[in-house]
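Notes for the one structure printed next.
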Number of protein chains: 2
Amino acid sequence: MTGPGLRERKKQDTRTALAAATLRLAAEHGWSAVTVEQIAAEAGVSYRTFFNHFSSKEEALLQPRGAGTGRFAVLLAEQDPALPPLAAARTALRAELATLDDDREAWRQRLSVLAAEPTLLARAVEVGTANEREMAGALAQRTGQDVQRDLYPTLLAAVLGAALRVTLVRWQCAGGSPDLPDQFDEALSLLAAGLPAPSRDH
Amino acid sequence: MTGPGLRERKKQDTRTALAAATLRLAAEHGWSAVTVEQIAAEAGVSYRTFFNHFSSKEEALLQPRGAGTGRFAVLLAEQDPALPPLAAARTALRAELATLDDDREAWRQRLSVLAAEPTLLARAVEVGTANEREMAGALAQRTGQDVQRDLYPTLLAAVLGAALRVTLVRWQCAGGSPDLPDQFDEALSLLAAGLPAPSRDH
DNA sequence: TGCACAGTGTGCAACTTTGCACGGTGTGCA
DNA sequence: TGCACACCGTGCAAAGTTGCACACTGTGCA
């Protein structure tokens with residue numbers, strides 16, 4: 001009943017403080033203008049400690065809560081077993097995106113910072129690969145396959161990651177006008193249909 | 001009739017020498033053991049010059065000839081206009097992969113180095129994003145769409161990049177036993193079919 | 001031929017990222 | 001309660017990455 005324990009709580013506090021400091025400073029001064037040293041100082045810890053919590057500056061901005069929280073696996077397991085994997089993943093990820101909506105303003109800021117720096121975008125992709133591994137594992141469990149042997153889970157995870165990335169970028173570029181889950185749904189519909197040639201009228 | 005000109009030729013020579021030195025040293029001593037300084041020395045140029053040609057160590061290994069050579073655009077334009085985009089891209093990329101087969105040994109070495117270092121894989125993804133932009137542009141031209149406005153070309157390019165990445169990794173992990181183009185074909189077939197649930201028998 | 005210019009190669013400095021070693025403090029067990 | 005252990009925070013050093021300024025040399029033009 002002690003819960004997470006004092007140690008764990010302290011660690012989380014540090015991580016949260018670092019992530020918050022990163023976002024605040026980046027939003028105020030621009031991404032490249034802020035250094036890890038400043039972030040660490042703002043969070044009240046040492047320079048080196050920053051890299052004990054995040055493996056890169058980008059990760060501090062884009063994965064404030066950490067990657068392998070297993071939320072996707074849980075959400076996926078909750079889906080109706082009768083659903084095919086792609087449909088189940090679509091619903092799970094929509095739920096995940098809805099969660100994101102909780103601190104909508106923070107994410108708006110994050111993507112705004114991201115949009116201002118093209119370099120950041122490339123590195124953001126790297127951050128995403130960790131999530132893809134997690135997704136692949138969860139999908140393999142659902143289909144009863146082996147991540148190493150079978151192509152399907154890994155491919156599906158990679159494709160979902162790609163769709164997610166594209167959706168996020170376009171959502172930000174468009175100023176957030178179409179709802180994020182809707183944009184994601186559009187992409188997933190295209191995938192489910194086998195990426196058919198677009199109709200000529202638009 | 002002077003061709004590329006002396007200046008351009010010299011530049012290419014330097015780039016080629018750097019890429020060759022990178023591959024040779026990495027294959028011999030391991031990726032993390034070789035430093036940019038050693039590579040530059042081996043190629044007979046200064047440390048700083050390395051980064052005039054490649055934006056990262058990874059790029060020197062994985063894109064020895066540079067990104068935007070436009071080969072994909074040319075190959076895509078050669079495909080039968082009646083083919084839907086996905087099918088045309090599939091054929092074009094297969095042709096590209098066949099080109100890779102020309103210096104099969106070099107690529108085998110590259111992927112071998114890549115497989116030995118998990119970190120490298122993540123960074124490799126970053127390198128791939130440049131190609132995806134090129135693909136998106138070529139695809140947009142084929143479908144008569146706008147890369148900025150329309151989702152389709154960007155999404156398709158991202159998905160193709162994902163499929164390519166997954167295929168390459170699996171091909172290397174499997175020791176290159178199934179032919180690379182065949183593996184890629186399998187992935188593309190799944191995509192074209194809308195990523196249906198895998199059959200339970202395997 | 002001679003000149004102005006643009007593109008390479010180079011050195012320097014700042015910053016990011018990572019491996020290693022060490023000290024202090026929760027945590028689990030006797 | 002007291003002890004051994006594991007883990008977090010920290011400092012240091014080496015390597016990767018990038019912007020800036022400068023020298024040299026093809027290139028294009030008068």
Side-chain angles (χ1 to χ4, degrees), chain A residues 1-19 21-22 25-26 29-63 66 117-124 126-127 130, chain B residues 1-18 21-22 25-26 29-63 66 113 117-124 126-127 130:
Chain A
M1 78 170 50
T2 52
L6 175 56
R7 190 174 227 151
E8 194 62 27
R9 225 178 313 144
K10 273 190 168 181
K11 182 177 178 178
Q12 275 309 314
D13 286 350
T14 315
R15 186 182 179 101
T16 305
L18 282 168
T22 303
L25 290 172
H29 303 114
W31 180 247
S32 51
V34 56
T35 74
V36 173
E37 197 162 2
Q38 292 171 338
I39 297 173
E42 179 98 357
V45 295
S46 104
Y47 181 84
R48 186 64 183 82
T49 295
F50 178 91
F51 289 102
N52 281 347
H53 290 271
F54 303 100
S55 64
S56 70
K57 234 169 77 172
E58 288 75 24
E59 194 180 314
L61 182 74
L62 299 172
Q63 299 215 313
E117 212 88 10
T119 315
L120 229 173
L121 192 61
R123 304 299 306 274
E126 191 182 330
V127 172
Chain B
M1 74 172 56
T2 51
L6 175 56
R7 189 174 230 153
E8 193 63 26
R9 227 176 313 144
K10 274 190 168 181
K11 182 176 179 178
Q12 275 310 314
D13 286 350
T14 313
R15 187 183 178 100
T16 305
L18 281 170
T22 304
L25 290 173
H29 303 113
W31 180 248
S32 52
V34 55
T35 74
V36 172
E37 196 161 4
Q38 293 171 338
I39 297 172
E42 179 100 355
V45 295
S46 101
Y47 180 83
R48 186 66 183 80
T49 295
F50 178 91
F51 289 100
N52 281 347
H53 291 270
F54 302 100
S55 64
S56 69
K57 234 169 77 171
E58 287 76 24
E59 194 179 315
L61 182 74
L62 299 172
Q63 299 216 313
V113 170
E117 212 88 11
T119 315
L120 230 173
L121 192 61
R123 305 296 308 273
E126 189 182 333
V127 172

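Because the structure is a prediction, the values reported are computed rather than measured. By convention in this document, chain letters (A, B, ...) are assigned in the order of the sequence lines, proteins followed by strands, and residues within each chain are numbered from 1.
Considering only side-chain N and O atoms, B:Thr14 lies under 4.0 angstrom from the phosphate OP1 or OP2 of C:dG9. Close to D:dT17, at under 4.0 Å from its OP1 or OP2, lies no side-chain N or O of A:Arg123. Not one side-chain nitrogen or oxygen of A:His53 sits closer than 4.0 Å to the OP1 or OP2 atom of D:dC8. Distances shorter than 4.0 Å separate none of the side-chain N or O atoms of B:Thr35 from OP1 or OP2 on D:dA15.
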Contacts under 3.5 Å, N or O only, protein and nucleotides 11-14 of chain D:
unit_1 : atom_1 : unit_2  : atom_2 : d
D:dG11 : O6     : A:Arg48 : NE     : 3.2

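Taking both residues in full, the closest heavy atoms of B:Ser56 and B:Phe51 are given as CA-CE2, 4.4 Å, listed atom of the first, atom of the second, then distance. Minimum heavy-atom separation, B:Ala26 to B:Trp31: CB-CE3, 3.7 Å. Between A:Ser46 and A:Ala40, the shortest heavy-atom contact is O-CB, 3.5 Å.
The partner of C:dA30, taking Watson-Crick or G-U wobble pairs whose two distances both stay under 3.5 Å, is D:dT1.
Rounded to a whole Å, the CG atom of A:Asp13 is 14 Å from the C1' atom of D:dG9. Here C:dC15 presents its P atom at 15 Å from NE2 of A:His29, a figure rounded to the nearest Å. B:Ile39 has its CD1 atom 12 Å from the C1' atom of D:dA15, to the nearest Å. C:dT16 atom P lies 9 Å from atom CH2 of A:Trp31, rounded to whole Å.
Across all strands, A:Gln12 comes closer than 4.0 Å to no nucleic acid atom at all (heavy-atom distances). Contacts of B:Gln38 with the nucleic acid, taken as non-hydrogen atoms under 4.0 Å apart, are absent.
Between B:Thr119 and B:Gly44, the residue anchored nearer the 5' end of DNA chain C, judged by the nucleotide with its closest heavy atom, is B:Gly44.
A side-chain contact (heavy atoms from CB on, under 4.5 Å) with B:Ser55 is found for one member of B:Lys57, B:Glu59, B:Glu58 and no other, namely B:Glu59. Each of A:Asp13, A:Asn52, A:Val36, A:Ile39 was scored for a side-chain contact (heavy atoms from CB on, under 4.5 Å) with A:Leu18, with one residue passing: A:Ile39.
Under the 4.0 Å criterion applied to side-chain N and carboxylate O atoms, B:Arg123 and B:Glu126 are assigned as salt-bridge partners.
Looking at the side chain of B:Lys57, the nearest of the listed nucleotides C:dT10, C:dT16, D:dT17 is D:dT17.
Distance alone, capped at 3.5 Å, places no donor-acceptor pair between the A:Gln12 side chain and the A:Arg9 backbone.
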Check your understanding: How does protein contact run along nucleotides 21-26 of chain D, one letter per nucleotide 5' to 3', with B for base contact, S for sugar-phosphate only, - for none, heavy atoms under 4.0 Å?
Key -> ----BB

